[in-house]
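Only a predicted model underlies this, so the values are computations on that prediction, with no experimental measurement involved. Throughout, a chain's letter reflects where its sequence line sits, starting with A, and its residues are numbered from 1.
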Amino acid sequence: MNDKQQSVRLGPNGKPVRYFVMPDSLSGKLQVWRYLLLRRAVQLGLLLLFFGTVNWDWKIAEQPVLTGNLSSSELLGFLPLADPFAVLQIMLTRQIPQQEVLIGAAIILAAVALIGGRTWCAWVCPLNMVTDLAAWTRRRLGIKDVFILSRQIRYTVLALTLFLSALTGVAAFEWISPISMLHRELIYGIGAGWIAVIGVFLFDLFILRNGWCGHLCPLGAFYAVIGKVALLRIAFDTPTCTHCGECAKICPEPQVLNIKAASVAGMIASGECTNCGRCIAVCPEDTLKFDLRHHIQNQQVPNTTESQQRRAA
Amino acid sequence: MNTKSSTTRRDFLVKMGQGAALAATGGLIWSYLLNQQARATPFAIRPPGALADPDDFNARCIKCGQCVDACPYDTLKLATADAGIPIGTPYFIPREIPCYMCEDIPCLKACPTGAIDPALENIDDSRMGLAVIDIENCLSWQGLRCEICFRECPVQGKAISVEHHPRRISKHAMFVPLVHSSDCTGCGICEKACPTEEAAIRVVQPELVQGKIGDHYRLGWTVDTPITQEFEIRGKPDAGDRAPPTGLDYLNEGPL
């Protein structure tokens, strides 16, 4: 860290490049970890709500709090929620499911489109905690990738999921999903599902960085497609960026932090961004922050055209 | 220029080939897993009203566990990855906790996809399975007065009846339980109640044990068999004017 800071380098905006330094004080650390802590609170809180409703009969106003699991659930006995990807797979098996689950899927689809497609991945998915742990351990141990795999392969897996659902007559991903296995067995009793979870952990740890979430998971790919139009995005304030690269170092999907594309759009436009907020925490210049898409675009229109003209020239 | 374009074209084709090979290999292994899983135990005992065709049920069930939450007796479980039952689907083991046949069928109401068919209105019409009796190990069939299954049966007298049966060693009859598939719901309360070390009456999927006579058999002596043939009476039978037999009699004619 210190070596980096001593070498004075200037960013494209003429300012000296600073790097991220983890603050010593607890309050400073908490400030850096704020999104991480919030994400864990949401992930574990949801899990606890599901678990408590099944195992401890949690009720509010005589109604069960949150029954079911992430595949399909019911909030307070009236609001159906369902995984739109699972419902899509079921419909491809030529079964028309009941209205309830269709409404639930529509609600989640709308919510996901609002708060940003893969926000689900970083803020809700329980497997995210496992893969984050693998990524953290891997950074600590400095483990190198065994092979390189295109991150586009997830879209192939997505297409394959839909094709196999139609072909075999069962929801193809739901039947092998390590996410569902982990979530289901945490709530309804542990079976051999942890083997699949350990498998994902080891794959991410020793074989490929962000191997599952960043390369293979078709659910992430599905949400990435929706994320292309999602509202909540990470805004990118071009003039303040010194190209220090701290954000790309910590990002689980570094390809989304394409500075060129980000300065044109004024935000991280790729649907593959999980809105995890790690980049916001490590950015020493406060270039990045959460914002709404239309808000960003309205603000950045003059800037955008200017930079585009500069680039074209 | 020319060489460059041909290299990129070749690169492109190679990339396409690699992608197709990966997808095909992955897809093959994947669909093998799916077929293995989906056909793991087609005879799992499902919640009341579950779609009868295992393929329909497997396709429709979203594995959410809302039926499990709704069950007031903790009868239902979701299959874990090692249960040997299609993963994540609800089932129950009658010997542990049977289905107590709630009249309002809360598990059915909780199902969001229709994998548990909402068309079932009366729990007595559900067919979770069929109880079968191992007469070699049933206490009643040994001549003891057990009949616990008969008394525990919620569709008593219809699904299980007690019949008397001659006994070999004395003139006293045995009273033996018989299951009637027309009324047995497969709830498994009998299996739970059976006092033998291993249940001598247990719930299985009817397909495993039930035969089929065939439509061409007409059981004329049963009340519900329709008469499909018209019988005509040709004239009045007359004892004095009996017609000679008209059948061929060639075996009795001529030399042997």
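- When the options A/Asn69, A/Ile187, A/Leu70 are evaluated for a side chain to side chain contact (heavy atoms under 4.5 Å, CB included) with A/Pro126, the one that passes is A/Leu70.
- Panel note: side chain A/Arg94, backbone A/Ala166; a donor-acceptor pair is recorded below 3.5 Å.
- When each of B/Thr89, B/Asn58, B/Asp74 is scored by its heavy-atom pairs under 4.5 Å with chain A, the top score falls to B/Asn58.
- In terms of heavy-atom pairs under 4.5 Å with chain B, the best-connected choice from A/Leu164, A/Leu102, A/Asp57 is A/Leu164.
- For the set B/Val68, B/Asp55, B/Thr113, the entry with the most heavy-atom pairs within less than 4.5 Å of chain A is B/Thr113.
- Neither the backbone nor the side chain of A/Ser150 comes within contact range of chain B; no heavy atoms are under 4.5 Å apart.
- If you tally non-hydrogen atom pairs under 4.5 Å between each of A/Phe50, A/Tyr188, A/Phe163 and chain B, the highest count goes to A/Tyr188.
- Residues B/Gln210 and B/Ser181 have side chains that bring a donor and an acceptor to within less than 3.5 angstrom of each other.
- Remark: B/Cys107 SG to B/Gln66 CD distance equals 12.0 Å, nearest 0.5 Å.
- Ranked by heavy-atom pairs shorter than 4.5 Å toward chain A, the options B/Asn35, B/Leu22, B/Leu33, B/Leu34 are led by B/Leu34.
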Requested in this report: Report the C-alpha separation of A/Phe51 and A/Trp56 in whole Å, then their side-chain angles, then the decisive distance to 0.1 Å, and conclude whether the ring-ring contact (aromatic ring centres under 6.0 Å, His included) test is met.
Outcome: CA-CA 8 Å; A/Phe51 189 88; A/Trp56 302 318; 5.1 Å; yes

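- Between chain B and the options A/Thr156, A/Thr93, A/Thr53, A/Ile195, heavy-atom pairs under 4.5 Å are most frequent for A/Thr93.
- Using a 4.0 Å cut-off between charged side-chain N and carboxylate O, A/Glu253 and A/Arg118 make a salt bridge.
- For chain A, the nearby part of B/Cys111 is the backbone; its heavy atoms alone come within less than 4.5 Å.
- The parts of A/Glu174 that come within reach of chain B are both its backbone and its side chain, each placing non-hydrogen atoms under 4.5 angstrom from that chain.
- Per-residue counts of heavy-atom pairs under 4.5 Å with chain B were compared for A/Leu160, A/Thr168, A/Val54, A/Leu167; the largest is that of A/Leu160.
- Contact detail for B/Thr185 and B/Ile123: the closest heavy-atom pair is CG2-O, 3.9 Å.
- Ring-plane geometry between B/Trp30 and A/Phe173 is classed as perpendicular, the angle between the planes exceeding 60 degrees on a 0 to 90 degree scale with a lower cut at 30.
- Of all the heavy atoms in B/Glu152 and B/Ile189, the pair that sits closest is O-CG2, 3.7 Å.
- For B/Asp56, the parts sitting under 4.5 Å from any heavy atom of chain A are the backbone and the side chain alike.
- Of all non-hydrogen atoms in B/Ser161 and B/His180, the two that sit nearest each other are OG-NE2, 2.7 Å.
- Counting heavy-atom pairs under 4.5 Å between each of A/Ile103, A/Val157, A/Ile96 and chain B puts A/Ile96 at the top.
- Contacts with chain A were tallied for B/Cys67, B/Gly88, B/Ser31; B/Gly88 has the most, counting heavy-atom pairs under 4.5 Å.
- Heavy-atom distances place the side chain of B/Leu78, and not its backbone, under 4.5 Å from chain A.
- Residue with the most contacts toward chain A among B/Ala70, B/Ala115, B/Ala23: B/Ala23 (heavy-atom pairs, distance under 4.5 Å).
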